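Since this is a predicted model, take the numbers as computed values, not measurements.
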Amino acid sequence: QGLIDDKFVVARPQRRSARRPVTKDDIASSITDEAQQQDTNPSGRRGRRRSPIVERRERSLLENPNAETTIPSSVEDKVSYVGKIFEDDPHEILFMKRLVNQESLFGKAPGTYNLTGDVGKRGSYGVAQVDEVAFDAVKDKLANPYSTIHKYIEPFKKATGRDLTTVKYEDLKDDVLSIAFGRMYLMQLTGNPIPADIQGQSKYWKTYYNTKAGKGTAEEFLNTNKNL
């Protein structure tokens, strides 16, 4: 799972634009809104992005402005947390939730956190079941200032306190890091957008993440995520 196919051509996604660094407060304040958008807008479409500052002001009577933001406890909410750092759209976050559910049942599948195989070829590991070959590919791209994912180093560090460039494969036992490296693997691999519908997402997962070498099928992805 997560093996690299040399046939794929790395392309720079066109839709992303530079924005100010995302902070912990921005992420925490928007996780609830993202979940509500999924309930009311299952197609994954969204309107104009609202300012996180405006959203925080609207909830100011319910929140303690001096409270320290913490990383969510559930794996599903951690996917949302990481998605906000990467400025993913709601349907992209939903896809990553389905991916993590398919790969590890949100960390509940036996062997999720077991390291197996020879060093350099270990995997799959963590909630996103990233293998070591894919992990190394992401690390190489993070070191390249012209890559599509280099720009996320600072926002991720500001939000989580972790430097992506110093992460080791063994560190993917941390759910947030596993999710982040799974997402960045797809970013650096293909410029093809994540489909908004589950049928398209199942094929996207099989093509780019599970790959021809994986035993999974698009039908299995659909069955696993029929309630998500």
Participant: Restricting to non-hydrogen atoms, name the atom on Ser147 and the atom on Lys141 that form the minimum distance, rounded to 0.1 Å.
Facilitator: OG-O, 2.5 Å

Participant: Given side chains that start at C-beta, do those of Lys84 and Ile93 come closer than 4.5 Å, heavy atoms only?
Facilitator: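 Contact flag for Lys84/Ile93 side chains = yes.
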
Participant: Just so I know, are the side chains of Tyr81 and Thr160 near enough to count as touching, which here means a heavy-atom distance under 4.5 Å?
Facilitator: yes

Participant: What distance do Phe156 atom CZ and Leu142 atom CG have between them, rounded to the nearest 0.5 Å?
Facilitator: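 Nearest 0.5 Å value for the CZ-CG distance: 10.0 Å.
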
Participant: Check whether any side-chain heavy atom of Leu186 lies under 4.5 Å from a side-chain heavy atom of Leu99, and answer yes or no.
Facilitator: yes

Participant: With side-chain contact (heavy atoms from CB on, under 4.5 Å) as the test, would you mind laying out the steps for Ile198 and Lys226 before giving the verdict?
Facilitator: CA-CA 9 Å; Ile198 191 170; Lys226 60 185 177 181; over 6 Å; no

Participant: Where is the tightest heavy-atom contact between Met184 and Phe86, given as atom of each residue plus distance?
Facilitator: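 The answer is CG-CZ, 3.7 Å.
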
Participant: Would you say the side chain of Val130 lies within less than 4.5 Å of the side chain of Tyr209, judging by non-hydrogen atoms?
Facilitator: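 In short, these two side chains touch, coming nearer than 4.5 Å.
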
Participant: Quick check: does any side chain N or O of Ser178 sit under 3.5 Å from a backbone N or O of Ala128, one acting as donor and the other as acceptor?
Facilitator: yes

Participant: Sub-3.5 Å donor-acceptor pair from the side chain of Arg98 to the main-chain atoms of Leu228, do we have one?
Facilitator: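 Flag set: sc Arg98 to bb Leu228 pair under 3.5 Å.
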
Participant: How about Thr116 and Asn114: does a side-chain donor come under 3.5 Å of a side-chain acceptor?
Facilitator: no

Participant: For the NZ atom of Lys203 and the CG atom of Asn210, what is their distance to the nearest 0.5 Å?
Facilitator: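 Separation between the atoms: 15.5 Å.
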
Participant: Could you check whether Gln102 and Thr224, counting side-chain N and O atoms only, form a donor-acceptor pair closer than 3.5 Å?
Facilitator: yes

Participant: Closer than 3.5 angstrom, by distance alone: can the side chain of Asp89 be matched with the main-chain N or O of Glu92 as a donor-acceptor pair?
Facilitator: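 Between the backbone of Glu92 and the side chain of Asp89 there is no qualifying donor-acceptor contact (under 3.5 Å).
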
Participant: Go through it in stages, so that I can follow the logic: the residues are Val82 and Met96, the test is side-chain contact (heavy atoms from CB on, under 4.5 Å), and I'd like the CA-CA distance, side-chain angles, deciding distance and then a yes or no.
Facilitator: CA-CA 10 Å; Val82 171; Met96 283 304 298; over 6 Å; no

Participant: Is there a donor-acceptor pair closer than 3.5 Å between any side-chain N or O of Lys139 and the backbone N or O of Val167?
Facilitator: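 Present.
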
Participant: CD of Gln188 to CZ of Arg183: how many Å apart, nearest 0.5 Å?
Facilitator: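 Reported value, rounded in 0.5 Å steps: 11.5 Å.
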
Participant: Please report the closest heavy-atom contact between Val75 and Val100, naming both atoms and the distance.
Facilitator: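 That would be CG1-CG1, 3.9 Å.
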
Participant: Just do the side chain to side chain donor-acceptor pair (under 3.5 Å) check on Tyr208 and Asn192 with the steps written out, would you?
Facilitator: CA-CA 10 Å; Tyr208 297 115; Asn192 291 336; 2.4 Å; yes

Participant: Start with the C-alpha gap between Val176 and Ile179, add the side-chain angles, then the distance that decides, and say whether side-chain contact (heavy atoms from CB on, under 4.5 Å) holds.
Facilitator: CA-CA 5 Å; Val176 169; Ile179 295 163; 5.7 Å; no

Participant: Heavy atoms only: give me the nearest Ile194-His91 pair and the separation to one decimal.
Facilitator: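 Nearest heavy atoms, Ile194 then His91: O-NE2, 3.0 Å.
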
Participant: Regarding Ser74 and Asp77, do their side chains bring together a donor and an acceptor under 3.5 Å, going by distance alone?
Facilitator: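 Looking only at side-chain atoms, Asp77 and Ser74 do form a donor-acceptor pair, the distance falling under 3.5 Å.
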
Participant: Under the 3.5 angstrom rule, does the side chain of Thr207 hit a backbone N or O of Tyr204 as a donor-acceptor pair?
Facilitator: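 No; zero donor-acceptor contacts below 3.5 Å.
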
Participant: Starting at OH of Tyr185, measure out to CZ of Phe135 and round the result to the nearest 0.5 Å.
Facilitator: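 The CZ atom of Phe135 is 14.0 Å from OH of Tyr185, to the nearest 0.5 Å.
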
Participant: For a quick test of reading the model, state the closest non-hydrogen atom pair linking Ile153 to Leu164 and the distance between them.
Facilitator: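 Of all heavy-atom pairs spanning Ile153 and Leu164, the closest is CA-CD1, 4.2 Å.
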
Participant: Examine the side chains of Ser80 and Lys97 and answer whether a donor and an acceptor come within less than 3.5 Å of each other.
Facilitator: yes

Participant: What pairs of residues pass the salt bridge (Lys or Arg N to Asp or Glu O under 4.0 Å) test when at least one of them lies in residues 114-128, not counting sequence neighbours?
Facilitator: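 Only Arg122-Glu132, Arg122-Glu170 qualify under salt bridge (Lys or Arg N to Asp or Glu O under 4.0 Å).
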
Participant: Return yes if some donor-acceptor pair links the side-chain N/O of Gln129 with the main-chain N/O of Gly126 below 3.5 Å, else return no.
Facilitator: yes

Participant: Evaluate side chain to side chain donor-acceptor pair (under 3.5 Å) for Trp205 paired with Glu103, printing each intermediate quantity in order.
Facilitator: CA-CA 10 Å; Trp205 167 81; Glu103 296 290 336; 2.8 Å; yes

Participant: A side-chain contact here means heavy atoms from C-beta on lying under 4.5 Å apart; do Ile85 and Tyr152 qualify?
Facilitator: no

Participant: Under 4.5 Å between any side-chain heavy atoms of Asp136 and Tyr169, yes or no?
Facilitator: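 No, their side chains stay 4.5 Å or more apart.
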
Participant: Salt bridge check, Lys206 against Glu220: does any charged N sit closer than 4.0 Å to a carboxylate O?
Facilitator: no

Participant: Heavy-atom distance under 4.5 Å between the side chains of Val127 and Lys78, does that happen here?
Facilitator: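 Contact flag for Val127/Lys78 side chains = no.
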
Participant: Can you tell me how far the CG atom of Asp174 sits from the CD1 atom of Ile71, to the nearest 0.5 Å?
Facilitator: 6.5 Å

Participant: Find the distance between OH (Tyr113) and CG (Leu172) and round it off to the nearest 0.5 Å.
Facilitator: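 Nearest 0.5 Å value for the OH-CG distance: 11.0 Å.
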
